[in-house]
Amino acid sequence: MEQRKHWWNGKWGRLARRDVYLRADADQWHVEQRAGGAEGISRFYEFDSEDAAYDVVRTLLAGPDTWRELSARPPGAG
């Protein structure tokens with residue numbers, strides 16, 4: 001599975017941090033909505049098209065937070 005995009009709401013701390021990830025695996029698109037940082041709780045969505053996945057991403061990024069797109073790690077980076 002390849003991570004395509006990662007957005008972060010710019011807040012630190014387990015209670016405030018939110019992340020949204022867009023990943024692709026063959027013809028499937030996956031969106032992960034995570035609350036609470038690396039050890040937080042995630043909700044997963046699967047889609048058959050990139051457009052459908054981006055529609056959900058746009059919905060998840062709507063609201064009062066100032067979302068920042070973070071660069072994806074290069075392949076092989078730990």
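What you see is a predicted model; the values in this text were computed from it and never measured.
- Summarising the hydrophobic clusters (Ile, Leu, Val, Met, Phe, Trp, Tyr; side-chain heavy atoms under 4.5 Å, direct or chained), the residues clustered with M1 are none.
- Among residues two or more places apart in sequence or in another chain, the salt bridge (Lys or Arg N to Asp or Glu O under 4.0 Å) test is passed with R18 by none.
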Using residues 60-68 as the side-chain source, report each donor-acceptor pair under 3.5 Å to any protein atom, sequence neighbours left out, with the distance given to one decimal.
residue	atom	partner	partner atom	Å
D65	OD1	K11	NZ	2.9
W67	NE1	L61	O	3.3

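- One finds the OH atom of Y54 at 4.5 Å from the NZ atom of K5 (value rounded to the nearest 0.5 Å).
- Here the closest heavy-atom approach between residue L22 and residue A53 is recorded as CD1-CB, 3.8 Å.
- For residues 24-37, every residue pair satisfying the salt bridge (charged side-chain N to carboxylate O under 4.0 Å, His left out) rule, not counting sequence neighbours, is listed here: R23-E32, E32-R34.
- Within a 6.0 Å radius of CZ in R43, no more than 12 heavy atoms belonging to other residues, nucleotides or ligands are found.
- The ring pair (Phe, Tyr, Trp, His ring centres under 6.0 Å) analysis of residues 9-39, with sequence neighbours excluded, yields the pairs H6-Y21, W8-W12.
- For the atom pair CH2 (W7) and CG (D19), the distance works out to 11.5 Å, reported to the nearest 0.5 Å.
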Which atom pairs, one a donor and one an acceptor, fall under 3.5 Å between side chains of residues 44-52 and the rest of the protein, sequence neighbours left out?
residue	atom	partner	partner atom	Å
Y45	OH	Q33	OE1	3.3
D48	OD1	Q28	NE2	2.7
S49	OG	A52	N	3.1

